[in-house]
Every structure is written in structure tokens, then in C-alpha cells.
Amino acid sequence: MDLLLSLLVWSLFSVHCCLSSPSSPLVNGVGRLKERVSHPRGWAKGIRAPPNQILELKIALPQPSFHVLEQHLYEVSDPEHARYGQHLSKAEVEALVAPHPESVTSVDSWLQSHGIEVDDLVRSPAKDWVTVRIPVSQAEMILSTEYHIWTHEESGDTVVRTLQYSVPEQVYDHVELIQPTTMFARIKKQRTTFRWSSHQDIPPFNHTKITLPNGISVDASCNTTVTIDCLLELYNAVGFNASGTIGNQIGITGYLEQFANIADLQLFYADQRPEALNSSFKFISVAGGQNSQNVSEAGVEANLDTQFAFGLTFPTPSTFFSTAGRPPFIPDIGTPTNTNEPYLTWLDFVLALDNPPQAISTSYGDDEQTVPRSFAQRVCNSFAQLGARGVTLTFSSGDGGVGDGDPDPATQECITNDGRNATEFIPGFPASCPFVTAVGGTIFIPEVIQAIHIEAFSLPYKFSNRLQSTSPEEDLAISLLVLHIKTQWFKPTWTRFRKERMQDSSTPKEEQAIPDVSALADNFKIFFQGRAGLIGGTSASSPTFAGFVALLNDVRLANGKPPLGFLNPFLYSLGKFGFSDITVGNNPGCGTPGFNATVGWDPVTGFGTPDFGKLKELVLL
Ligand SMILES: *[C@@H]1O[C@H](CO)[C@@H](O)[C@H](O)[C@H]1NC(C)=O
Ligand SMILES: *[C@@H]1O[C@H](CO)[C@@H](O)[C@H](O)[C@H]1NC(C)=O
Ligand SMILES: *[C@@H]1O[C@H](CO)[C@@H](O)[C@H](O)[C@H]1NC(C)=O
Ligand SMILES: *[C@@H]1O[C@H](CO)[C@@H](O)[C@H](O)[C@H]1NC(C)=O
Ligand SMILES: *[C@@H]1O[C@H](CO)[C@@H](O)[C@H](O)[C@H]1NC(C)=O
Ligand SMILES: *[C@@H]1O[C@H](CO)[C@@H](O)[C@H](O)[C@H]1NC(C)=O
Ligand SMILES: *[C@@H]1O[C@H](CO)[C@@H](O)[C@H](O)[C@H]1NC(C)=O
């Protein structure tokens, strides 16, 4: 109910924004309720936050021309449109997300009326975000609210949050959202299962070829150990040489203080990409992201993402972004570590770059429902800004089947946190944002979707999760994987686009669903802390897919064409002909078998896995 109310308010607001706003003097007062959420599932409310605790408050001003940006985005990303590839400049994008000048002055005078000087405000380049560091006591006054310390029951992490906040009537229409307030998301790595291996555990490379039904030959050992060569073979890219000098770049984002270890990268290259030995990537620390290179502090996620994405695309220049911000937050007077989820911090940084990498992969996310809609929409709109500038963003679609992947019944898998306690499929964010490409995962060769979710065996309502198999291949043993469903927050945009552009039966009709595409996602052989191991999860498939996008960008740039940019309009039209369909398996969760992988697009593997040989022709049409 509360959430529905705030959704309604949000949508009314977006219609009425900026049409009228009396510029009468601002008065401190109770104000008008801006946002309210219900007590979030899994969090316990504790004592009042220390009044001196510093908050880094981010105020989003409405972007009255965002719909114009969105129109440009679809036109320049649609291979059938005359403007395909004519990406916008940084300045053009900033002009289209700029707030109304009256919003800027109204918010400034509101803050000034609380003693905050304009010089104390930090503005995004487009002025659509205002950041101010103030103590909790002052934030409580400005927002007519009370901050408490909330503890995440499962992990013990604590945050300073409130369930509602208000702003004066006079600025109501000039503020879209303010955080940290009602945001209870916890960014996390997509679950990866990492297995240390002694050399006996990892079967040696076996270069005897298996020939797949589509005629592609793959080393026999790729079924149990995935290497760079396996991916190049399986996805039909053997012998392709990226240029490395035509302005193409690839990026990987890291959060939660993860960084990639360069010594491990060299071991990986020696094992799987000898020509890349001695090369490395550019490290960028965002807001103090770590990079000690201390081998025992490096992150397995960061090692996986960089080893495969950069190994696949060598010698394409590569960048690893390490964004600071890590739970647990410990209430600590004076340090504004109590940040929002850090996508915004990264976005602020990358949107300010003149030439961001044209393909960027992220293997982090959270359940969509834990991110307030207003915030999810705003972060998603920022991804659109990158798309309009020619950047492809890939995100892991998550490893929990149609559920949230949590095997612990105590955490009440698949129950909505909006006060209804309904059982529903749980999509992940940012994978659910329509302006990014969500990458699901497959396993084995030939590729299938894992039919059994092993962690669920102990849950009574999941019986065995073993589906009636329709073929021997479907009756597979073992672990993880894969993915998701329809999204709750983002349906309208994508539906509109699809109605206009996609009238054939092989694409989803009624709602946006995820994932868009897939790639292998288990048994990846990486190096970590000096040793080889196997790892899996959609954490592996997103950097893999981004690697192939970077190779496709190489093809386009070498032919004098701009990069692919926002990829989905290409995927859902021409691009889908460049995929190998995955038709075996399903993605159980929430006590259901989930969806079946079927012929054509399905909500388990999207269009399937890439065929680079075909895609490199399609991207030049
Ligand atoms: C390599 O793979 C082939 C095909 O699966 C198999 O017949 C052969 O025994 C394998 N060789 C070794 C050394 O494992
Ligand atoms: C790959 O491994 C899976 C699971 O063990 C098996 O079902 C499949 O037949 C294997 N593929 C080949 C080509 O041997
Ligand atoms: C790629 O480079 C390798 C090694 O230099 C060379 O043997 C191969 O022919 C090149 N492939 C193409 C398609 O040019
Ligand atoms: C890497 O550096 C080592 C030591 O300097 C050198 O022996 C080796 O040839 C280099 N390898 C490549 C591929 O450049
Ligand atoms: C590396 O990190 C570990 C774990 O944080 C720490 O114990 C060790 O002292 C560090 N080593 C160096 C050389 O800093
Ligand atoms: C939902 O679950 C919570 C926690 O178990 C409970 O306090 C609340 O009353 C439930 N709400 C409804 C509508 O069932
Ligand atoms: C998936 O396939 C099974 C076996 O053919 C079938 O019983 C089930 O209804 C299918 N599920 C969906 C959601 O279509």
C-alpha cells in the first residue's frame, strides 16, 4: 500500500513537474510526504542515528527532457533507423538531462533557508544531482523525518535510514528523490561458486575436438574446464585478431573493495593467453576504491571478470574501475561511509569521462524490490545516458533462477517486501533496467540450462526441483544457475519500444523480461591467490558477453563505423540472428520449475549464446 502510494505520487509528479511552482518564500514546516516505504523485510529498526553522523545526501532534480533523450537513444541504437550510430556527445546528453533552472534555484533557496550555502553543494555536470554533506540532525530537520540505525538481520550490516521523508510544498515538484533515506538495497556480487583445485582436479586441456550440431568444434575438455580458447571456439571467434589501436576499449566495474590481482592475471595469461603476458589493464579508483595488490586482499570476482574479459579481447585497451563503499557500515561519527548503493558514485565518475570504454560489464546487483522505484528509475536513466553516448552495458542477470536464489527458508525467498507478503518471482536490478543488456548463464557443451538447483534440496516446497525431463540431456546433475523473469519497475518503456519495432513471434510480446542473452557460466578456470580454480555464476557470463561486444566494436570501428552502444534494439531486431538458441533446461525457483528454455527467445536464456562469426557480419549490415 505504502509503496503503491509512492508509485502513484511518482507518476503524477512526473506529469506535473515544473509546470507551476509559486516562488513564495520558503518556510520550514512539516512539508509534503515525498516518499514512504514499508518496514523492509529482513531489517530490524534500532536506536536513533547519532545526530552528528554525517550523511552524504544526494538530491535528484527532475529531468524534464528525459523523454527526448530516450527518443534519441532508441533512434541512434536502432539499426533500422537513419540515425543509427549517431551517438550523442557528453554535452548533448547533459543538456537533455539538465533540470529546469527554476528547480535549481528552488532547491538552492530551500537549502539556504537551512543555513546550507551554495558553495557547500556539489553538483553533477548536468546539475541534475546536488550532493551535500550534513549531519543527521540537520537532515532530519530538512526532511521532517527521523533517522534510525537499521540492522540487516542475516548479515548484521547496519545502515542509517528512514521509512519516509517530506519536503516543503514549494520544492515538492523540484525534487525527484533524496537518498540515503528509504534505500535498503545491499549491492552484492552475483553468487559465484569458487572451487580451489589442485592440478589433479582440473582436467588437463584435451584438444580432441567435439563437433556440435551447428558444426562448431570445441576442445573436449571445455565441457569440464572453460578457458579463453573454449569461448573463442564455442562462440566462433577463432583466429579473429582485435586491433588494439583503433580507439576501442573495454571496462569492468568492481565494487565492495574488490580489485584484481595483476600477478594472478599473468598466471592466467601464461596458461590461456600467452601473447597477452606482461600486459595489464588501467586501474581507476573511484571515490577511493582499493588496489593494494596484496594478493590476500584481491577479489575473486574481480579476478574472474578481468581475466576473462581482458583475456578474450587482448590487445584491446582495458580498464578496471574500483568503486569504494562496502558494508558493513559502522556508525562512525564524521565519516560519510553510509552511502547509497555505489552505482551512483560510479555513474557520477564515468559520466564525467570524455571517452568511457564502449563496452562495460558489471557482475553485481540486488533484488529489484529492495531498490525504491524512484531510485531504480533514476539510476536506470543514467545508464541510458551512457547508452546514448555509445556505451554498451552488460549486467549479470543473477544466479537464482526465477527466485532470489536464497536457499534459506528463514529469509523467505520470493516474498514481496511491499507489505503484501505475496509470493512472486524476484528479478534483479540493474539487470531489469531496460537500458542495459542482461546476461544469463548456460552450462556444459552442448550448452543447456541447469535443471537442478542443488542448494534448494533441503527446502520442502521445492520437492526435488527435478523437472520431468524431456530428453536425457535435460536430466543433468549438479549445481547452479540461471535466470529471470519479468521486471516490475520497468515494463512500460520496453513494451512501447517493442510494440513499435518488433512484431514477430520470436521476441517476447507483453513485458520486458530478462535475460536478453546468455553465455557459458560455469567451470571457468581462473587464477586466484596464485592458484588455479574453477568458478561459476552469471558473474562469468556477463564479462564474457561484454568481451564479445568489444570484439564486435573492434569490427565496427575497423570499418569506419561507430560502436554498438545501447545493444538491445540491435539484439531484438537484426542481432537475434547471430545467436545459437539454447532449448534445453529451465530456471527453477520460488517453489516452481520456472520457465523452460525454448526455441527462440525465452526468459531463461534470452536469444541464446553469441555466434561471433554471424554477429560480425550482422553488425556491418
Ligand atoms: C580427450 O577427449 C576425447 C573425446 O571426449 C576422449 O575420447 C579422450 O579419451 C580424451 N583424452 C584424454 C587424454 O583424456
Ligand atoms: C558434457 O557434460 C555433461 C554433463 O556431464 C554431459 O551430459 C554431456 O554429454 C557432456 N557433453 C559431451 C559432448 O560429452
Ligand atoms: C591473427 O594473428 C595470428 C598470429 O599473428 C595469425 O596467424 C592469424 O592469421 C591472424 N588472423 C587473421 C584473421 O588475420
Ligand atoms: C614477458 O616478460 C618476460 C620477462 O621480461 C619476457 O621474458 C617475456 O618474453 C615477455 N613475454 C611477452 C609475451 O612479451
Ligand atoms: C596483506 O593482507 C593481509 C590480509 O589483509 C594482511 O594480513 C597482510 O599483512 C598484508 N600484507 C602486506 C604485505 O601488506
Ligand atoms: C508480512 O510479514 C511480516 C513479517 O513476517 C508480518 O509482520 C506482516 O504482518 C505480514 N503482512 C501481511 C499483510 O501479511
Ligand atoms: C516446461 O516443460 C515441461 C515438460 O515439457 C512442461 O510440463 C511445463 O509445462 C513447461 N513449463 C512451462 C512454463 O511452459
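Keep in mind the model is a prediction, meaning the values are calculated, not measured. Numbering of ligands and ligand atoms starts at 1, following listing order.
- Remark: minimum distance from atom 6 (C) of ligand 1 to any protein heavy atom is reached at N206 ND2, 4.2 Å.
- Classified by interplanar angle (parallel below 30°, tilted 30° to 60°, perpendicular above 60°), the ring pair F579/F607 is tilted.
- The shortest N or O to N or O distance between F240 and ligand 3 is not under 3.5 Å.
- K282 NZ: 12 or fewer foreign heavy atoms inside a 6.0 Å radius.
- Counting the atoms of ligand 1 from 1 in the order shown, those under 4.0 Å from a heavy atom of A220 are 2 (O), 4 (C), 5 (O).
- By the definition of a contact as any protein heavy atom under 4.0 Å away, atom 2 (O) of ligand 3 is in contact.
- No option in Y235, F308, F240 other than Y235 meets the ring pair (Phe, Tyr, Trp, His ring centres under 6.0 Å) test with F548.
- Nearest to atom 10 (C) of ligand 3 among the protein's heavy atoms is N241 ND2, 2.4 Å.
- For atom 14 (O) of ligand 3, the nearest protein heavy atom lies closer than 4.0 Å.
- Using bins of under 30°, 30° to 60° and over 60° for the plane-to-plane angle, the ring pair F383/F429 lands in the tilted bin.
- Classified by interplanar angle (parallel below 30°, tilted 30° to 60°, perpendicular above 60°), the ring pair F435/Y74 is tilted.
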